[in-house]
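What follows is a short report on a single structure.
FYI, the numbering just counts along the sequence from 1.
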Amino acid sequence: MIYPKEEFGSAYQIPYEVFYDKGYRAIIFDIDNTLVPHGAPADERARKLCKNLKEMGFQICFLSNNNTKRVAPFAEALDAKFICNAGKPFRRGYERAGDILQVDREKILFIGDQVLTDIIGANRMGYYSILVGPVSRMEGFLIVAKRLLERASIFFYRRSRHYKGNRPDRSGYERNIPENYR
């Protein structure tokens, strides 16, 4: 329940075409430190990714514990649906996102950077959870404390038979960005 289904260095490395071919039709993204640094507006990289995903046929929804003032402008800039004040990892926000997307749970990808909020909640809902490396190392005290607990979980996950991923380079986020998103 605490392990992601897969792990990638960034949201920009994920082979979305493969998931689309497997029948996935919607993606729920965390925002802060998954697509952009905490509190940053939608950047050109995020715009390009969302545009590509929509052209591929995916529906997109953003799920954040942050407030409307933060989440709404980000989602509007990317012409996507959103849920703010989600209360992750509790089910309420994830259920609302699934209801908005109107896609079966088995056809939803969830992409986030934190095990203790993003991945646990997605797994509880039956979404296909993907852990990505954080965009920035500049984080608040509580998130840093959670990251310490997550390190143990990730260590055992990578040693388990369940591990699927590319063992991302955690020393430099930009190294995990493909050329077409730079």
Flag, side chain of Ser129 to backbone of Phe110, donor-acceptor distance under 3.5 Å: no
I'd like to know if the side chain of Asp43 and the backbone of Ala46 have a donor-acceptor N/O pair within less than 3.5 Å. yes
Between [atom1] of [X] and [atom2] of [Y], what distance do you get to the nearest 0.5 Å?
{"X": "Leu131", "Y": "Lys5", "atom1": "CG", "atom2": "NZ", "value": "12.5 Å"}
{"X": "Leu101", "Y": "Arg96", "atom1": "CG", "atom2": "CZ", "value": "12.5 Å"}
{"X": "Asp113", "Y": "Thr34", "atom1": "CG", "atom2": "OG1", "value": "3.5 Å"}
{"X": "Cys84", "Y": "Asn67", "atom1": "SG", "atom2": "CG", "value": "7.0 Å"}
{"X": "Asn65", "Y": "Asp118", "atom1": "CG", "atom2": "CG", "value": "8.0 Å"}
{"X": "Phe8", "Y": "Gln13", "atom1": "CZ", "atom2": "CD", "value": "7.5 Å"}

Using the ring of each side chain (for Trp, its six-membered ring), is Tyr94 parallel, tilted or perpendicular to Tyr127, with breaks at 30° and 60°? tilted
If Ile, Leu, Val, Met, Phe, Trp and Tyr residues are connected whenever their side-chain heavy atoms lie under 4.5 Å apart, and connections chain through other members, are Met56 and Phe62 in the same group? yes
Would you say Ile60 ends up clustered with Met125 if hydrophobic residues are merged whenever their side chains have heavy atoms under 4.5 Å apart, either directly or through other cluster members? no
Looking at [X] and [Y], what are the two nearest heavy atoms and their distance?
{"X": "Gly93", "Y": "Leu63", "value": "O-CD1, 3.5 Å"}
{"X": "Arg105", "Y": "Arg91", "value": "NH1-NH2, 3.7 Å"}
{"X": "Ala40", "Y": "Phe74", "value": "O-CD1, 4.0 Å"}
{"X": "Ser10", "Y": "Val132", "value": "C-CG1, 3.6 Å"}
{"X": "Cys50", "Y": "Leu78", "value": "SG-CD1, 3.9 Å"}

Would you indicate whether the side-chain heavy atoms of [Y] and [X] approach each other to under 4.5 Å?
{"X": "Val71", "Y": "Ile31", "answer": "yes"}
{"X": "Tyr12", "Y": "Lys48", "answer": "no"}
{"X": "Val103", "Y": "Gln59", "answer": "yes"}
{"X": "Phe29", "Y": "Leu35", "answer": "yes"}

Run Lys51 and Asp79 through salt bridge (Lys or Arg N to Asp or Glu O under 4.0 Å) and show every step you take. CA-CA 9 Å; Lys51 180 180 179 271; Asp79 191 30; over 6 Å; no
Could you point out which residue of Asn123, Ile27, Leu109 forms a side-chain contact (heavy atoms from CB on, under 4.5 Å) with Tyr128? Leu109
side-chain contact (heavy atoms from CB on, under 4.5 Å) for Ile28 and Ile108? Distances and angles first, verdict last. CA-CA 7 Å; Ile28 302 172; Ile108 297 176; 3.7 Å; yes
Any chance the rings of Phe19 and Tyr24 have centres within less than 6.0 Å? yes
Does Lys81, at its NZ atom, have more than 12 non-hydrogen atoms belonging to other residues, nucleotides or ligands within less than 6.0 Å? yes
What I want to find out is whether Lys88 reaches Asp30 closely enough, with some N-O distance under 4.0 Å, to be called a salt bridge. yes
From CA spacing to verdict: salt bridge (Lys or Arg N to Asp or Glu O under 4.0 Å), Arg70, Asp32: CA-CA 10 Å; Arg70 162 69 178 128; Asp32 291 319; 2.5 Å; yes
